[in-house]
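Being a predicted model, the structure only gives us computed values, none of them experimental. Every chain is numbered from 1 and lettered A, B, ... according to where its sequence line falls, protein lines coming before strand lines.
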Amino acid sequence: MAQDKKVQKKQTQELEKENIYRQTRLEKCHKLRALGFEPYPYKFNASHMSQEIAEKYNYLVNGEKTEDIVSLAGRIMSIRNSGMFIDIKDSTGKIQLFGHKDFLAPGMTDILKLLDIGDIIGVEGKMRRTPRGQLTVNIEKLEVLSKTLLPLPEKYHGLTDQETRYRQRYLDLIMNEESRDKLRLRSQIIHDIRQFLTNKGYLEVETPMLHPIPGGATAKPFVTYHNTLDCELYLRIAPELYLKKLIVGGLSDKIFEINRCFRNEGISTRHNPEFTSVELYAAYKDYNDMMDITEELITFLVKKIHGTMQIKYGDKEIDFSTPWPRKSMCHLVQDCTNVDFLSLDAEAARIKAKELGIEVEKGTLWGNTIEKIFSEKVEPTILNPVHVIDMPLDISPLAKVHRNNPLLSERFETFVLGFELANAFSELNDPEEQRKRFEAQVKAGEDGDEEAQCMDESFLNALDYGMPPTGGLGIGIDRLVMLLTNTLSIRDIIAFPTLRQK
RNA sequence: GGGCGCUUAGCUCAGUCGGUAGAGCAUCUGACUUUUAAUCAGAGGGUCACAGGUUCGAAUCCUGUAGCGCCUACCA
């Protein structure tokens, strides 16, 4: 209670403090209305965006004037010389306005006096280039389109406080062009993936976000509750099982879904609780085909965004040139450790791992031990893309057994500079075998593995009706965007990253 | 989850050995009027994240809490 009162008191004080800044602007807002100018009108017809003007009038020489009348809208980013020079910014760039009583229509000077940095305005006037070389609109007509009540961050240093940038992303976007560019590139990349797959005959589908049984990946789910159905539901950790049901149904031999997944796990510069993935499935294909399409898709994006196969990430340079090496996980581990884990059982592998300085709990699956050694010893050495193929069967419950080795699966993960970019396999379509794998998972869960997968009878029932041999592939889009935009924190390429409530 | 760090005006940041809380931008008043981080003169603006403690005295030292960041662990 006392706590609540304190919080309330603090909020009241903040409101009063805020009022000092809002008050002046509110007064200006009211003055505008009193003068007959609505500070929040309905629309504005602009003839140009700022970039179009920059291109169209690029030819003007210093001091040259035109009789061309243009109209445009944007947010005031700076005001100089007591309102004579105003910079406005729209989504394409900045342009300078010249506000002088010699050009302004009658009454418009009143509006000019009531403008603040941050206000969104619409203007009309003639194009010219100033003697100092700045492309400028001589304002004749001026309209406030949205009066700002709070001041923008400082014009020179901008907004740098990371917490504010994430919590109030709109301020970040107003002030930091780099943030705009990254989120635009994200949008572009998703668009390009969609276009690439659609052009290849893949059908985009949507499957549930609310799952009665979490499946398709090894991860801890978010739990929620449906009132009418009176049951728990899980936010999906992966769309995999539903997509395979669509393959069973023959909706299309090639399908994909781009959507959100949710995992109730740690948050870091590489993990957000909700993230976007693309999963695609192609009937009559296997994991070799999935490697081909992974390379094709990623290089298509790299080329589209960068125009070259060599890109910078942090202080490293990555070469995406194909073909990418395809190396067996066990061989990579053996190269690094001189141990042939293929010839060891789970317990022997665990002891060997310990000798290598990697602590693995007793009873750990053979595959988990190998994967752990791989991620500690091999993964950090990977720079350019590598398909790490033939992963252990016991940690791949949805993948087909390797056609040449019963300990391995036809599954690969593509790694780039410590990023797991893709995860794919020849999908298991033998219903009896799938049931055994689920049973093994259930047992692992009973033995304490929190992330073990659940028995999914409805999926098994679908397999009973026959799924064609199918290749499946999943790519984490956020990390892909990070790589392609040279971004070190996942929060910078998600508009509203998950933060603790304040 | 563990370790380290940060939190001072709306924004960006100073603040020395513990001794009256500072600057620039922004705001307000005025001057100036082809500037572009405009300039000049003046004014207002602070629960120094929060809660305790030590001290004659704390933004500063100590403890705890919160948020954020970085590293680390798990995961994609």
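Taking atom C1' in both B:rU12 and B:rG19, one finds a spacing of 28 Å when rounded to whole Å. Comparing the same atom, C1', in B:rU33 and in B:rA38 gives a spacing of 10 Å after rounding to whole Å. To the nearest whole angstrom, the two P atoms, one in B:rU63 and one in B:rA21, are 25 Å apart. Taking the C1' atom of each, B:rC25 and B:rA37 are spaced 9 Å apart, rounded to whole Å. Taking atom P in both B:rC40 and B:rC62, one finds a spacing of 42 Å when rounded to whole Å. Rounded to the nearest Å, the gap between the C1' atom of B:rA51 and that of B:rC56 is 23 Å. A distance of about 35 Å separates the P atoms of B:rA26 and B:rG67, rounded to the whole Å. Between B:rA41 and B:rC32, the distance separating the two P atoms is 15 Å to the nearest Å.
B:rG10 atom P lies 14 Å from atom CZ of A:Arg25, rounded to whole Å. Atom-to-atom, CD of A:Glu154 to P of B:rG45 comes out at 21 Å; the value is rounded to the nearest Å. A:His100 places its NE2 atom 19 Å from the P atom of B:rA38, with the value rounded to the nearest Å. Look at CG on A:Leu159: it is 16 Å from P on B:rC68, rounded to the nearest Å. Across the protein-nucleic acid pair, A:Asp161 atom CG and B:rC68 atom C1' stand 8 Å apart, rounded to whole Å. Residue A:Arg270 contributes atom CZ, which lies 13 Å from atom C1' of B:rU72 at whole-angstrom precision. Computed from coordinates, the A:Ile95 CD1 to B:rU36 P distance equals 18 Å when rounded to whole Å. Atom pair A:Ile395:CD1 and B:rC74:P shows a separation of 14 Å (rounding to whole Å applied).
Glycosidic conformation at B:rC56 (O4'-C1'-N9-C4 for purines, O4'-C1'-N1-C2 for pyrimidines): anti, more than 90° from 0.
Aromatic ring orientation, A:Phe262 versus A:Phe222: perpendicular (interplanar angle above 60°, classes split at 30° and 60°). Relative ring orientation between A:Tyr202 and A:Phe256 is described as perpendicular, the plane-to-plane angle rising above 60° on a 0-90° scale split at 30° and 60°.
The nearest heavy atom of RNA chain B to A:Lys220 and to A:Ser489 marks one nucleotide each, and the one closer to the 5' end goes with A:Ser489. Between A:Thr498 and A:Ser268, the residue anchored closer to the 5' end of RNA chain B is A:Thr498, taking for each the nucleotide with the nearest heavy atom.
Residue-level contact check: A:Lys372 touches the backbone only, with heavy atoms under 4.0 Å from sugar-phosphate atoms and none from bases. Among the heavy atoms of the strands, none lies under 4.0 Å from A:Phe419. Across all strands, A:Glu420 comes closer than 4.0 Å only to sugar-phosphate atoms, never to a base (heavy-atom distances). A:Thr269 comes within contact range of the sugar-phosphate backbone alone, with a heavy-atom separation under 4.0 Å but no base atom that close. A:Thr130 comes within contact range of at least one nucleobase, with a heavy-atom separation under 4.0 Å. Nucleic acid contact for A:Asn62: none, since no nucleic acid atom lies under 4.0 Å from a heavy atom of the residue. The residue A:Leu499 sits close only to the backbone: its heavy atoms come under 4.0 Å of sugar-phosphate atoms, none of a base. Within the 4.0 angstrom heavy-atom criterion, only backbone atoms of the sugar-phosphate kind lie near A:Arg491; the bases stay farther away. Residue contacts shown for A:Lys28 are limited to sugar-phosphate atoms, with no base heavy atom under 4.0 Å away. Here A:Gly158 lies in heavy-atom contact (under 4.0 Å) with sugar-phosphate atoms only.
Pair assignment for B:rA31: B:rU39, on the basis of Watson-Crick or G-U wobble contacts that are both within less than 3.5 Å. Within the shown strands, B:rA49 is the pairing partner of B:rU65 under the Watson-Crick or G-U definition, both distances less than 3.5 Å. Figure legend. B:rC70 is base-paired to B:rG3; pairs are counted as Watson-Crick or G-U wobble with both atom distances under 3.5 Å. Figure legend. B:rA14 is base-paired to no nucleotide; pairs are counted as Watson-Crick or G-U wobble with both atom distances under 3.5 Å. Across all strands shown, B:rA58 remains unpaired; no Watson-Crick or G-U wobble contact has both distances below 3.5 Å.
At least one side-chain nitrogen or oxygen of A:Arg167 sits closer than 4.0 Å to the OP1 or OP2 atom of B:rC68. OP1 or OP2 of B:rC68 lies within a sub-4.0 Å distance of a side-chain N or O belonging to A:Arg500. Regarding contacts with the backbone of B:rU12, a side-chain N or O of A:Thr160 is found under 4.0 angstrom from either OP1 or OP2. Contact annotation: A:Lys155 side-chain N/O to B:rC11 OP1/OP2 distance is not under 4.0 Å.
Residue A:Glu427 comes nearest to A:Gly472 through the heavy atom pair OE2-CA, 3.0 Å, listed as atom of the first residue, atom of the second, then distance.
The aromatic ring centres of A:Phe98 and A:Phe85 sit less than 6.0 Å apart.
The side chain of A:Tyr21 lies closest to B:rG10 when the candidates are B:rG69, B:rU36, B:rG10. Residue A:Ser78 has its side chain nearest to B:rA38 when only B:rA38, B:rU34, B:rU36 are considered. Listed nucleotides: B:rU12, B:rC11, B:rA38. Nearest to the side chain of A:Pro153: B:rC11.
In this structure, A:Arg411 fails the cation-pi test against A:Tyr287, since its NZ or CZ atom is not both closer than 6.0 Å to the six-membered ring centre and inside 45 degrees of the ring normal.
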- Task: Mind running side-chain hydrogen bond (donor to acceptor under 3.5 Å, both in side chains) on A:Thr487 and A:Asp492 for me, showing each step along the way?
- Result: CA-CA 7 Å; A:Thr487 301; A:Asp492 289 322; over 6 Å; no
- Message: Test salt bridge (charged side-chain N to carboxylate O under 4.0 Å, His left out) on A:Glu177 and A:Lys89; report intermediate values, then the result.
- Response: CA-CA 11 Å; A:Glu177 206 55 39; A:Lys89 175 165 149 179; 3.4 Å; yes
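Judged by distance alone with a 3.5 Å cut-off, a donor-acceptor contact links the side chain of A:Ser82 to the base of B:rC32.
Each of A:Asn138, A:Val137, A:Thr136 was compared with A:Met127 under the side chain to side chain contact (heavy atoms under 4.5 Å, CB included) criterion, and only A:Val137 meets it.
The residues A:Arg326 and A:Glu295 are annotated as salt-bridged, a charged nitrogen and a carboxylate oxygen being separated by less than 4.0 angstrom.
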